[in-house]
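Written below as structure tokens is the structure these notes are about.
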Amino acid sequence: MTSGPSASASVPTALIAFADSDLCVKCNICTSACPVAAVTEEFPGPKAVGPQAARFREPGQPRLEVALDWCSGCGVCSRVCPHHVPVAEMNIIAKAEAQVTARHALRDWGLARPDEIARWGRPLRRLVGALLESALARRAAEAAVGLARSAPLPRIAPVPLRTLAASRSSATPGPAGPGTAGVVAYFHGCSTNQYEPWLGQTTIRLLGGLGLRVELPPQGCCGLPRQSNRDFAGARRRAWANLASLSAWAEKGIPIVGTSTSCTLALKHEYRAVLGLSGAAAEAVAEATYDLFEFLDLFGYPGNARAMAPVPLRVLYHAPCQLKSHGVGSPALRVLRAIPELELLVSESECCGVAGTYGLKQERYPVACDVGRRLFEQARRSRVDLVLTDSETCRWWVERHSGIPSRHPVEVLAAALGVDVQPPLPTGSPR
Amino acid sequence: MSQSVLIVGCGLAGLTTALMARDRGHRVRLLAEGRGSLSLTHGCIDVWKDGHLPAALETLSAHHPLKRIGAESLIASLEAFLGFTGAADLPYHLPPGRNLRLPSPTGSVHHTAAAPFSLANGSLDTPGVLHLAHIPEIGDFEPALVASGLRRRGYAEVALIELPLPESVRGDRAEPLRIASRLDQAEARQALCRAWSPRLRDVRRLGLPAILGLDASVEAVADVEARLGVTLFEIPTLPPNLPGIRLERALRRLAQAAGVDFVEGASARGEVDGRSQGRRVSGVVAATAAGPRRFPADIVVLATGGALAGGWLGFTSGEVQESVFGLPLEAPSERQQWVREDPYSAQPYARFGLQVDARQRPVDARGRLYFENLYAVGGILGGADRTREGSRQGIDIASAYVAAREIPT
């Protein structure tokens with residue numbers, strides 16, 4: 001098994017990107033699907049800054065590409081490309097390699113570290129929370145470091161998930177149980193651990209109720225926030241640390257499930273396709289990783305035998321971009337359709353706009369709002385009780401801008417299976 | 001009992017099959033490598049370029065997809081398609097028993113069976129002067145080329161009129177996609193009409209490059225027509241081309257709302273059910289972000305397209321294979337016979353593709369079924385030269401209709 005920072009020697013990603021650009025036939029399918037190009041003229045579209053511009057990039061040569069920075073990294077372009085051009089991956093790599101001085105280095109440094117911010121900020125979490133809700137403080141933060149004043153930010157939870165569920169924590173995989181009672185490793189990500197531990201608790205209870213034993217392998221931030229904020233070296237360190245830990249589960253054939261779709265995409269794809277990591281650990285972990293609903297759908301949970309209680313809610317499901325990039329469709333929809341009395345509407349939008357940390361940046365905030373407008377309007381117009389979406393940053397963003405509460409689909413499934421959901425789901429409004 | 005149906009490919013054939021199978025109560029998943037080439041097309045439904053179809057069907061070989069499907073199913077499929085576009089607020093015009101003749105962006109005459117109303121209004125069979133807008137900011141459309149082409153073909157009453165875009169509609173990038181998106185908004189349409197109205201005194205019918213709205217095109221056309229007091233029509237442009245994009249979006253959203261699960265960005269390899277003595281397929285294995293994953297299904301429908309869409313692969317050994325299950329296609333073993341030297345003559349490779357039974361299931365050269373639960377629709381079907389015949393979308397929709405009808409419930 002390869003591990004440790006010494007193995008993280010940079011691969012010539014620029015050369016890979018250059019070769020891939022030859023696959024582009026300039027059909028513009030990505031341009032017409034790009035949610036950012038649709039709302040701002042600052043961005044000429046993924047084809048123009050991706051396979052087209054790649055031909056003019058010389059590894060090691062400085063370059064100034066302002067347009068590229070408007071790419072939110074949502075990944076729609078790669079997904080819709082009929083010719084296997086990894087457009088989004090090329091753009092994320094080119095963005096990190098561009099010799100641009102970040103306008104707000106301190107902010108980007110902070111946004112890249114959601115895990116550390118929570119750990120350091122926990123003793124002062126009441127103060128931090130109060131500041132986040134103070135219009136004056138947010139205005140000052142916007143002026144000083146460029147953190148968009150109206151962008152939603154999560155509150156630090158009093159106790160992290162790993163403390164609440166300490167008994168599940170294990171340094172090595174335990175033995176698989178007898179019969180069908182299997183083991184799953186839960187990759188909770190730093191958001192669930194530090195900001196939304198109740199979501200992790202619901203997930204653990206739900207999996208336990210389905211007869212699965214849940215283990216929490218040692219894990220840190222997946223590294224994606226660093227990758228999105230140009231710190232590939234930091235992202236690779238996080239990645240290697242996670243691979244070193246998780247590969248023990250993967251090599252025993254234990255599925256690694258996650259409720260955070262961007263973190264699981266990092267394990268499945270970004271480590272290899274963007275950060276350029278290779279080796280047995282990276283391959284094994286990628287193959288063993290599942291989005292929670294992908295896992296449930298593929299392995300037949302909760303199964304026909306288990307009666308589901310009615311959940312009389314009208315909900316709008318929005319598949320996060322990062323989930324769509326898994327290439328497994330919308331497994332949450334497939335599972336939720338079996339819930340009686342749950343009225344499921346489907347989002348007509350490509351992207352909610354926030355794209356991880358993109359919409360939190362003052363200079364990108366208006367564009368991110370415009371990208372999500374159609375979704376916010378659909379949510380309001382259709383008078384739903386909840387917007388369901390699997391990614392935490394999408395939930396916070398959609399809730400703020402649509403004014404409608406947003407929850408993870410696992411919480412609705414848990415309610416249908418009689419698992420305690422905290423905080424409780426709203427009761428459906430009469431129609 | 002409803003079946004789990006997995007459709008590979010999300011062009012017109014795949015989307016139409018998905019909608020029709022969903023209407024029949026099946027659980028439908030649509031899996032595709034990319035978003036398909038529907039958005040690159042003119043957005044019209046070509047069924048047969050020359051003359052009246054029932055008569056033309058008589059002359060076709062038994063291996064042609066439309067010959068096997070027949071006029072009755074073809075007409076029923078087009079009616080079903082009109083139902084979908086109507087439900088998606090993108091109504092199409094289909095004159096019974098004859099083709100529409102529309103101006104193409106190069107000034108040739110496009111013979112097509114059905115078109116969205118904004119294009120159908122440009123019918124060359126409607127008498128009177130056609131005015132074509134010359135919008136100097138738009139580089140992807142050349143009205144002088146359209147006018148000279150039409151005049152050469154005997155349509156004398158074509159006139160150009162210069163209509164610059166107002167600042168708020170033009171923006172910094174006057175690309176049709178961005179302009180169309182702006183014209184979804186009423187304020188942009190007002191600005192456009194204020195600028196254009198004084199220039200259109202004697203104009204009855206005005207042709208524009210396709211820019212009138214992206215997601216609200218019907219509303220945009222009606223609004224601009226009312227404000228300007230003229231009949232408007234659109235002409236397709238280079239890709240990204242609005243009529244194709246609108247149709248792709250309309251059908252995809254309709255399918256998503258109907259509960260079709262879309263898996264995008266995953267290329268598929270077919271999987272044969274080992275317990276069936278090779279008589280059935282069990283789904284596909286697709287390259288997902290994590291690596292190969294199984295997508296099991298009761299029924300698999302190939303809607304993978306022709307040569308340009310990747311539906312089949314030709315090898316240097318001279319073999320030609322369908323790309324998901326590797327089914328062999330009939331082709332001359334000498335590769336030089338796949339193409340003719342004159343690029344404008346009929347190309348043999350254009351007719352490569354699968355032969356199917358009466359239920360749209362692939363069969364081998366001797367007519368024997370490959371798999372009981374594998375179907376094929378659209379461009380992967382052999383025996384037709386869809387470009388020369390002008391039969392591309394007709395084959396897509398009619399074969400989708402037959403396959404969806406024949407999937408057992």
Side-chain angles (χ1 to χ4, degrees), chain A residues 25-34 37-45 47 75-76 78-86 264-265 267-270 272-273 283-291 294 297-298 319 322 324-331 333-334 337 344-348 374, chain B residues 4 9-11 27 29-40 171-178 180-181 184 214-215 238-242 244-245 248-249 252-267 286-296 305 308-310:
Chain A
V25 300
K26 314 233 181 287
C27 70
N28 268 312
I29 285 178
C30 62
T31 307
S32 49
C34 175
V39 300
T40 176
E41 300 198 41
E42 303 282 354
F43 190 51
K47 179 205 73 172
V76 174
S78 294
R79 212 173 68 229
V80 302
C81 176
H83 298 281
H84 303 286
V85 182
T264 43
L265 185 66
L267 299 182
K268 282 180 170 190
H269 181 68
E270 322 272 316
R272 298 179 294 166
E283 300 291 329
V285 168
E287 281 182 28
T289 301
Y290 297 86
D291 165 67
E294 178 195 10
D297 181 41
L298 198 58
Q322 308 294 357
K324 285 183 271 196
S325 293
H326 284 223
V328 299
S330 300
L333 271 181
R334 293 166 63 87
R337 280 191 204 287
L344 261 177
L345 282 72
V346 182
S347 165
E348 292 178 350
R374 193 185 163 95
Chain B
S4 65
C10 67
R27 289 158 287 139
R29 183 178 238 168
L30 207 151
L31 187 144
E33 276 183 11
R35 203 158 263 186
S37 52
L38 175 55
S39 71
L40 304 179
D172 292 335
R173 296 178 195 272
E175 297 156 0
L177 186 65
R178 292 179 194 265
S181 182
D184 276 346
L214 173 56
D215 290 320
L238 293 172
N241 164 48
L242 269 298
I245 294 172
E248 194 275 332
R249 287 189 182 212
R252 178 159 43 88
R253 285 181 181 152
L254 199 63
Q256 278 170 336
V260 173
D261 186 25
F262 279 72
V263 183
E264 288 183 321
S267 52
T288 73
R293 290 272 152 100
R294 290 192 65 225
F295 290 82
L308 297 179

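Letters A, B, ... are given to chains in the order of the sequence lines, protein chains preceding strands, and every chain is numbered from 1. Since the model is a prediction, treat every value here as computed from it, not as a measurement.
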**OP:** Below 4.5 Å from any heavy atom of chain B, which atoms of A:Thr289 appear? Answer side chain, backbone, both or neither.
**Re:** backbone

Original post:
Given a strict heavy-atom distance threshold of 4.5 Å, which part of B:Ala266 is in contact with chain A: side chain, backbone, both, or neither?
Top reply: side chain

Subject >> Option that, when pairs with chain B are counted at under 4.5 Å, heavy atom only, ranks first among A:Cys81, A:Ala288, A:Ala33 >> reply: A:Cys81

Subject >> Spacing of A:Glu348 atom CD and B:Gln256 atom CD [to the nearest 0.5 Å] >> reply: 8.5 Å

Subject >> Residue part contacting chain B, namely of A:Cys27, when any heavy atom lies under 4.5 Å >> reply: both

**OP:** Tell me, out of A:Leu265, A:Val346, A:Val328, who's got the most heavy-atom pairs with chain B below 4.5 Å.
**Re:** A:Val328

Original post:
Do B:Arg178 side-chain atoms and A:Ala37 backbone N/O form a donor-acceptor pair below 3.5 Å?
Top reply: yes

Original post:
Non-hydrogen atoms of chain B under 4.5 Å away: do they reach the side chain of A:Ser325, the backbone, both or neither?
Top reply: backbone

Original post:
When B:Ser39 is tested against each of A:Asn28, A:Val80, A:Ile29 for side-chain contact (heavy atoms from CB on, under 4.5 Å), which residue passes?
Top reply: A:Ile29

Original post:
Rounded to the nearest 0.5 Å, how far apart are CZ of B:Arg27 and CZ of A:Arg337?
Top reply: 12.0 Å

**OP:** Under the side chain to side chain contact (heavy atoms under 4.5 Å, CB included) rule, collect the residues that match up with A:Pro44, sequence neighbours excluded.
**Re:** A:Ala48, A:Val49, A:Ala67, B:Arg173

Original post:
Listed by chain and number, what are the side chain to side chain contact (heavy atoms under 4.5 Å, CB included) partners of B:Leu214, not counting sequence neighbours?
Top reply: B:Leu177, B:Ala180, B:Ser181, B:Asp184, B:Leu242, B:Ile245, B:Arg249

Original post:
Any side-chain heavy atom of B:Arg35 sitting closer than 4.5 Å to one from A:Arg79?
Top reply: yes

Original post:
Side chain, backbone, both or neither: which part of A:Leu344 has a non-hydrogen atom closer than 4.5 Å to chain B?
Top reply: neither

Original post:
Checking A:Leu267 against chain B: side chain, backbone, both or neither under 4.5 Å from a heavy atom?
Top reply: neither

Original post:
How far does OG1 of B:Thr288 sit from CD of A:Glu294, to the nearest 0.5 angstrom?
Top reply: 6.5 Å

Subject >> A:Asp297: which of B:Arg294, B:Arg293, B:Arg29 passes salt bridge (Lys or Arg N to Asp or Glu O under 4.0 Å) >> reply: B:Arg29

